[in-house]
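Encoded as structure tokens, the structure appears first; notes follow it.
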Amino acid sequence: MELIKDDYKVMLEVFEGPLDLLLYLIKKDEVDIYDIPIGRITDQYMEYLQLMKVLDLNIAGDFLVMSATLMLIKSRMLLPVEERKEMDEEDEEDPRWDLVRQLVEYKKFKDAADHLEDLELHMENVFARESEHVELGAPPEVDLRDASIFDLISSLNEALGRVQEEDLQEIFAEEYTVGQKVTYIIENLKVAKRLSISDIFTGMVSRQEIVCTFLAVLELIKLNRIAAVQDDHFGEIVVEPREPEKTEIESPEEALVVEGELL
Amino acid sequence: MSESTVDVLPELKQIVGALLFAAREPLSIKRMRKAMIETGTGFGGPYEQYAKATDQQIEGAIEALQEDMNNAKLGLGVAKVADAYRLQNDAACGPFVRALLEKNQTMRLSKPALETLAIVAYRQPCLRSEIEEVRGVSVDAVLRKLIDMQLVRVVRRSELPGRPWLFGTTQKFLEHFGINRIEDLPGSGELMRALPVDEKKKDTTDTFPELEKELGNETADAEQDADESTAALDEELQKEEIKDEG
Amino acid sequence: MSESTVDVLPELKQIVGALLFAAREPLSIKRMRKAMIETGTGFGGPYEQYAKATDQQIEGAIEALQEDMNNAKLGLGVAKVADAYRLQNDAACGPFVRALLEKNQTMRLSKPALETLAIVAYRQPCLRSEIEEVRGVSVDAVLRKLIDMQLVRVVRRSELPGRPWLFGTTQKFLEHFGINRIEDLPGSGELMRALPVDEKKKDTTDTFPELEKELGNETADAEQDADESTAALDEELQKEEIKDEG
């Protein structure tokens, strides 16, 4: 599924790992973590992974390890319980059990991390005498606020799903560039102030155009020009311009040329 | 010791208030008692009573101070962090203090950093590999950053093959999040490991020389600690590279 | 401005307490008001009321804080120094604080330094030659030391032939001795020169831009000030050498 010819890399840091993706999919599908429909979740996992590869996101090898694990569990689930027992005498557990345990434990620590975040927020207002707050260096470069990279990919997935199969054929027309779409989004945001991702994709019928537009969104997030905001869990993702900062960022086209040179 | 120009002897509560106010870091009861012993024996006479103050009496004075400050609504109060006490402003007044100190942009930790920190906090002392197992990704870069920030440090080597290093949280971690002790974190009963007996808190009935020695250990140089911790992490990663190549 | 996690709106008294506690130097009413205006307008909504606090209201809150702190016997209180306010521990608790901070040897000024300082304080702005006239000895070294300690600074050039420099005391001088204003020194009516009208205190009904400008002037870099003052003293002495040689 080679949608863009040049090896354009957004190199957006994917902070989330494979467990985050699994938890995301489980939550999105509202399935029971203790009884994961492994076939469905594995398919979705592979779909997202595929998209991340297409987008050339900087994904860690851990994602590939997890996909192998999922495939293994899936194949073992297909075996009748009797055969499973024969194959593996001492282990008659549900093949999903290790993964479930890992996910449940990870979820607990994610909740603990959320609690630490609340404490940190509270402590921003608390000063001890002559003490300094811990210096934590520069603020995060990318403003994804409450939207995760998976939410973004999910919106891309939906947009691609709406495209008719036959339109797939006109891929190599090479009509669109990321640079073009960057300008398009910025111009539109000047008027609209807030745009939902699906609105941005409206009327696009070519997969190449959708992917270029999506990459433009990622690039703008990375350049700190826009922020991706999500009001509710799994709600619509909205992009809005970031408040103007002291350090003026050069025009997006220039920035893209410097980084990519191919655009 | 210099002579005193003081006529009225202060109450224990007042002394504790003055000490907490003047201190630049959270004070343990031990450090307050040390100041009382030194002053009491140094000045002699009616001051000798202060040298005899017990930990329990000092703790009682801190509690009284805490209560009186809260009742008087002064915009500040006594908090217990990292098993020590400090004065701090009421969070409700924080916005004004930030405006005064021109600290409107406070930096926050990223999600991966918070997750890593949570695992280290609950599971300490823990191996890098244990953190990676829970998070399912490499934590090398984020662990290094947390060490740089002095929120995480190496504790000691484990007894496992290759003697890998064990990591734990620092005093600064407790201060940053305003936590008294790890056990106060929610769900700690479930997520924490049982501590070996020898790491449990000792009761405090130390003599003055014991006090001094202990306090000396307490004030180990945190920066040097961070350098050591980074070196330990480097060592771990190097070992891994060698293993991968071989 | 970052969002607030605060639910209950604090009283003016609590805000003042928190500001004094967190400040690194004595705070003027102006600076407190500036923090309130910034927070009030920055946060908006119910916070806007704070932007409207008058100097009188803030002063009232300080007085209430002062009284409540004294009544609660906390070992600390509000003091007025150099026309600004700061928290400080009760003098009666000083010996304990010194023991804690291991400041058993308080920095004491020598007799010549104190005499020189007294002359500068009462007679400011004054010439080096005036100080020497009163003391009957050269004050070059001691004046240099006082400038280094940031207790004395150059004020401006005089209109006399050769335009020699005039010296005065600093904010730090007031802080060090815990004096609110020079006029509070004993016998000042007798020893002081009449101040020119324009150096007298102005009444305070400034707008926010005026406030900001004034505070900007207030926070002139003290260290640079000391360097400038030393340079001025050097210049004086050089002129003298030339005169002596000539």
Side-chain angles (χ1 to χ4, degrees), chain A residues 13-23 59-63 65-66 69 98-99 101-142 144-146 148-149 245-246, chain B residues 20-26 76 79 81 86-98 100-101 103 105-119 121-123 132-138 142 145 148-151 172-173 175-179 185-188 190-191:
Chain A
E13 197 74 40
V14 179
F15 281 136
E16 290 91 345
L19 292 173
D20 295 284
L21 178 52
L22 280 175
L23 285 177
I59 48 172
D62 306 291
F63 277 96
V65 175
M66 179 57 77
T69 308
D98 275 341
L99 181 64
R101 210 159 24 203
Q102 200 182 5
L103 283 172
V104 168
E105 186 177 60
Y106 180 51
K107 180 73 175 54
K108 282 180 192 155
F109 282 108
K110 271 178 92 76
D111 292 343
D114 286 344
H115 178 70
L116 286 181
E117 196 174 17
D118 290 344
L119 288 178
E120 190 177 48
L121 214 58
H122 174 79
M123 292 306 286
E124 274 181 12
N125 280 319
V126 175
F127 291 81
R129 195 157 162 75
E130 293 192 40
S131 83
E132 295 283 339
H133 281 150
V134 178
E135 275 305 325
L136 302 175
E141 278 178 12
V142 173
L144 277 170
R145 275 181 236 173
D146 294 319
S148 79
I149 186 75
E245 308 231 350
K246 275 158 260 159
Chain B
L20 289 176
F21 172 73
R24 273 157 194 78
E25 65 268 313
L76 50 146
V81 281
R86 73 172 175 203
L87 293 188
Q88 60 185 34
N89 68 280
D90 292 349
C93 301
F96 302 91
V97 174
R98 287 214 306 272
L100 179 80
L101 302 179
K103 285 211 166 161
Q105 248 101 50
T106 320
M107 304 308 171
R108 290 175 194 164
L109 289 166
S110 67
K111 286 258 182 225
L114 286 166
E115 277 175 31
T116 306
L117 214 40
I119 298 166
Y122 284 102
R123 286 287 156 84
E132 297 190 337
E133 220 167 277
V134 175
R135 289 203 52 221
V137 291
S138 158
V142 68
K145 207 176 154 211
D148 276 352
M149 291 177 181
Q150 297 177 22
L151 296 172
K172 204 166 179 178
F173 163 79
E175 287 175 28
H176 180 68
F177 292 98
I179 304 164
L185 286 172
S188 64
E190 190 189 346
L191 290 170

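As the structure is a prediction and not an experimental result, all values here were calculated from the model. Naming convention: chains lettered A, B, ... in sequence-line order (proteins, then strands); numbering from 1 in each chain.
- Residue B:E25: no heavy atom, backbone or side chain, is found under 4.5 Å from chain A.
- Looking only at distances, no side-chain donor or acceptor of A:E124 sits under 3.5 Å from a matching main-chain atom of B:G94.
- Annotation: the span from B:E175 atom CD to A:M123 atom CE amounts to 9.0 Å, rounded to 0.5 Å.
- B:Y122 has its side chain out of reach of A:K108: every pair of non-hydrogen atoms, C-beta onward, lies at least 4.5 Å apart.
- A 4.5 Å side-chain heavy-atom check between B:E115 and A:D20 finds at least one atom pair inside the cut-off.
- Across all their heavy atoms, A:V126 and B:A91 have their closest contact at CG2-CB, 4.0 Å.
- In this structure, the portion of B:L101 lying under 4.5 Å from any heavy atom of chain A is its side chain and not its backbone.
- A donor-acceptor pair under 3.5 Å is absent between the side-chain atoms of A:E117 and the main chain of B:L114, judged by distance alone.
- Side-chain atoms of B:R98 and A:N125, non-hydrogen and from C-beta on, do get closer than 4.5 Å to each other.
- Contact annotation for B:D90: only backbone heavy atoms (N, CA, C, O) come within less than 4.5 Å of a heavy atom of chain A.
- When heavy atoms are compared at a cutoff of 4.5 Å, B:I119 approaches chain A by way of both its backbone and its side chain.
- When all heavy atoms are compared, the tightest approach of B:A118 to A:A112 is CB-CB, 4.0 Å.
- Among all heavy-atom pairs drawn from A:L116 and B:I179, the shortest one is CD2-CD1, 4.2 Å.
- Taking CZ from B:R135 and CD from A:E16, the interatomic distance works out to 9.5 Å, rounded to the nearest 0.5 Å.
- No side-chain heavy atom of A:F127 sits under 4.5 Å from any side-chain heavy atom of B:Q88.
- Contact annotation for B:F21: both backbone and side-chain heavy atoms come within less than 4.5 Å of a heavy atom of chain A.
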